[in-house]
Protein chains: 2
Amino acid sequence: MTLRELARHLNLSITTVSRALAGYDDVSEATRARVREAAERLGYQPNPLGQRLRSGRTEAIGLVIPAAPGHMSDPFFLELAASLGDRLREHGLDLVLTSAAPGPQEMERYRYLVEGRRVDGVVVARTRRHDERIAYLAEKGVPFVCHGRSETPAVFPYIDVDGEHGFRIAAEHLIRLGHRRIGLVNSPEELNFTHHRVSGYRQALEAAGIPWDTSLIEYGDLTEESGYRAAKRLLSLEEPPTALLCANDWMAIGAMHAVREGGMWPGKDVSVVGYDDLPVARFTDPPLTTLRQPIRASGARLADMLVELMNGAKAEALQEVHLPELVVRGSSGPVAGGPPQPPG
Amino acid sequence: MTLRELARHLNLSITTVSRALAGYDDVSEATRARVREAAERLGYQPNPLGQRLRSGRTEAIGLVIPAAPGHMSDPFFLELAASLGDRLREHGLDLVLTSAAPGPQEMERYRYLVEGRRVDGVVVARTRRHDERIAYLAEKGVPFVCHGRSETPAVFPYIDVDGEHGFRIAAEHLIRLGHRRIGLVNSPEELNFTHHRVSGYRQALEAAGIPWDTSLIEYGDLTEESGYRAAKRLLSLEEPPTALLCANDWMAIGAMHAVREGGMWPGKDVSVVGYDDLPVARFTDPPLTTLRQPIRASGARLADMLVELMNGAKAEALQEVHLPELVVRGSSGPVAGGPPQPPG
DNA sequence: CTGTTAGCGCCTTCAC
DNA sequence: GTGAAGGCGCTAACAG
């Protein structure tokens, strides 16, 4: 059922039908009613292909998940994608999804979306400190919004969670429990939030007069496995930490496993703190102390921001930083008499 | 840069340029070379909007994740979506993603995609025994493929994992370890795989001469929370099970938590088995015995199937059932002397 | 108030 | 080997 067919049924011109349905006020109420009724009855739906060619807009937004398949156990991205997709649909936009591990292939995906004119805008997730994607999109002048800030020189809308605040309150929490050797199971250095978090951690240490010790920092790639390995390394130090601050819940779960393997108890011998408050965090043993981020709300807000941007809003006015909230559970507890024995 | 502009640059007609680029052989090699070079140099890319209107195809495939935002911690869907998206792109198709909890809103999403002509085909995930979505798509004649079978009367391509086999070998494993009271932390009854799995479980019991006891079956909704609750109920039976077979890893994690809370040890007092082999399964304490499904490969294969279907392949020829593999870890072990004491 | 006309960018008969 | 013309479905400027 096309506009033309509908018009023929009604003995009207295509134009009139189009305008009647679009709600123009230069069409008589009688005609409009007749058109509406017929459209309803015959199940007319405008063909988006025609509308899109006409308007030059694809009515689609792109999202490239920055992880290779097989390494995306992170529900974070699913929540983000789903909430984005849902809210975008309310704005009449489709969400087009692909994935690619950071690197040349990832940039190729962006070029495909942008230069192949497959989307009107883009959402960038998990920003990096120096972010090629942002530089590219800014240069091309494509509307885009980011989950996370970046030091890449460009002005763009973003939502971020204040990782500095997060790690500061988490470290303060541990310090209050008596911990003075707090290991960091850190995220990759290239990620933008890594720096904010480290600096929050540092602030808490300084305020408590605890010396800065780089041997207490180990890096992982946000997977359980990498958290496990990083924790292993930290726990085998001569003077091991009594607490582990981890950059996400997955690494915290890996870290707890390492603690267990060392014959110690998370929350008793070694405290462990995560980040994200995934649903699973309530069900680990012991349940995980962690920082809660509002993922779902962020997705919806990012969708709104992108629409506002495309409608001409200023990027400067579309920048938000939210505070994470510390959720204390059993995996963090008072420091034990002395530091725990190293494993083995 | 449009075809017309490119043609003008070359002093050629649009037709010739179009055909030169499309590889028709009725264009001279010299012209073709000239056209190719200019297209390259000027960065010509065909506008998909024009192609789509012309061909009547949207070049997009829809996926509606059957879960409300906030309840989709299931990395399964992310893996599926990402692997689908990547492979579809190789076929020149975009993946359009939304989500909706099963129910009227979900059907509305499908209608939006299909009747709104926003996609050429659809992927249905987590099929249900009687599946409205399948009935709808079959009736509309839209090309679609499913992850999972269904009893809904329709012939369609699918990939499924043999849950009957899975739960049978898992139950056999537990029986070999001496368990005779094996509780089921089951998935929702409306899901198609639930029945296959229960029947595999039943077969194993029968083969071992263990009587069927419906009080050992509790239902959850695949979240940790529901697994926790179901396990609580089972463990508070007068004669509690010594092993818990769970329909996915999340519920298994919830179940292990319940076991712990009852002062018992997963893998010692009560064995726990999951399903999916999520990355996290290696890092729980104890690590989780579970059934491994090839999710990533399934996504890619589903994309291929859908393309084949749209190219005229018979649906009957596109139906595959894969075998899951039992991965034995520490959460399952020999039955303890007697049944464990109920908690509290 | 309604209809005619044109054009978005592409592809594909058909004619030369 | 190449060009002209038409049309996919829609909207909007412009007449009447």
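Just so it is clear, the model here is predicted, and its values are computed rather than measured.
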**Q** Would you say a side-chain N or O of A:Ser55 is under 4.0 Å from OP1 or OP2 of D:dT11?
**A**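 For D:dT11, neither OP1 nor OP2 has a side-chain N or O of A:Ser55 closer than 4.0 Å.
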**Q** Just checking A:Pro48: base, sugar-phosphate only, or nothing, at a heavy-atom cut-off of under 4.0 Å?
**A**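 The residue A:Pro48 makes no contact with any strand.
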**Q** Could you state the atom-to-atom distance from CG of A:Asp26 to P of C:dT4 in whole Å?
**A**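 These atoms are roughly 16 Å apart.
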**Q** With nearest nucleotide decided by heavy atoms, which residue, B:Leu53 or B:Arg19, maps closer to the 5′ end of DNA chain C?
**A**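 Result: B:Leu53.
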**Q** Are B:Arg117 and A:Leu49 packed together at the side-chain level, in the sense that at least one heavy-atom pair is separated by less than 4.5 angstrom?
**A**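 Heavy-atom side-chain distance check fails, nothing below 4.5 Å.
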**Q** Assign each of A:Thr16 and B:Tyr24 to its nearest nucleotide of DNA chain C by heavy atoms, then name whichever residue's nucleotide is nearer the 5' end.
**A**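 Nearer the 5' end of the strand: A:Thr16.
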**Q** For D:dC10, does either OP1 or OP2 sit under 4.0 Å from a side-chain N or O belonging to A:Tyr44?
**A**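 Affirmative; the distance criterion is met.
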**Q** Pick base, sugar-phosphate or nothing for A:Arg52, based on heavy-atom distances below 4.0 Å to the nucleic acid.
**A**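 Answer is nothing: A:Arg52 stays at 4.0 Å or more from every strand.
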**Q** Ignoring hydrogens and geometry beyond distance, is a side-chain donor-acceptor pair present between B:Asp304 and B:His91 at under 3.5 Å?
**A**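 Present: a donor and an acceptor within the cut-off.
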**Q** Quickly work out the B:Gln51 CD to C:dC8 C1' distance and round it to whole Å.
**A**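 To the nearest whole Å, that distance equals 14 Å.
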**Q** Please examine the side chains of B:Arg109 and A:Asp86, heavy atoms only from C-beta on, and report whether any two atoms are closer than 4.5 Å.
**A**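 A side-chain contact under 4.5 Å exists here.
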**Q** Can you check the A:Ile14 CD1 to C:dT4 P distance for me, whole Å?
**A**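 Rounding to the nearest Å, CD1 of A:Ile14 and P of C:dT4 are 10 Å apart.
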**Q** Between the base of D:dA12 and the side chain of A:Thr15, is there a donor-acceptor distance below 3.5 Å?
**A**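 Side chain to base: pair found, below 3.5 Å.
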**Q** To the nearest Å, give me how far apart CD (B:Glu29) and C1' (D:dG1) are.
**A**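 The distance from CD of B:Glu29 to C1' of D:dG1 comes to 12 Å, rounded to the nearest Å.
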**Q** Nearest whole angstrom, please: distance from the P of C:dC10 to the CG of A:Asn47.
**A**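 Distance check: A:Asn47 CG to C:dC10 P gives 18 Å.
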**Q** Given B:Glu106, which of B:Arg126, B:Arg128, B:Arg111 fulfils the salt bridge (charged side-chain N to carboxylate O under 4.0 Å, His left out) condition?
**A**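 For B:Glu106, the salt bridge (charged side-chain N to carboxylate O under 4.0 Å, His left out) check succeeds only for B:Arg128.
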**Q** Establish, with yes or no, whether the OP1 or OP2 oxygen of C:dC8 is under 4.0 angstrom from a side-chain nitrogen or oxygen of A:Arg57.
**A**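 Looking at the OP1 and OP2 atoms of C:dC8, neither is under 4.0 Å from any side-chain N or O of A:Arg57.
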**Q** Test ring pair (Phe, Tyr, Trp, His ring centres under 6.0 Å) on B:Tyr136 and B:Tyr110; report intermediate values, then the result.
**A** CA-CA 9 Å; B:Tyr136 170 76; B:Tyr110 280 87; 7.2 Å; no
**Q** Does a side-chain N or O from B:Ser13 land closer than 4.0 Å to OP1 or OP2 of D:dG3, or not?
**A**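 Yes, such a contact exists.
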**Q** Please work out if A:Leu49 contacts a base, only the sugar-phosphate, or nothing of the nucleic acid, heavy-atom cut-off 4.0 Å.
**A**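 No contact.
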**Q** In whole Å, I'd like the distance from the CZ atom of B:Arg34 to the P atom of D:dT2.
**A**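 Whole-Å distance recorded here is 9 Å.
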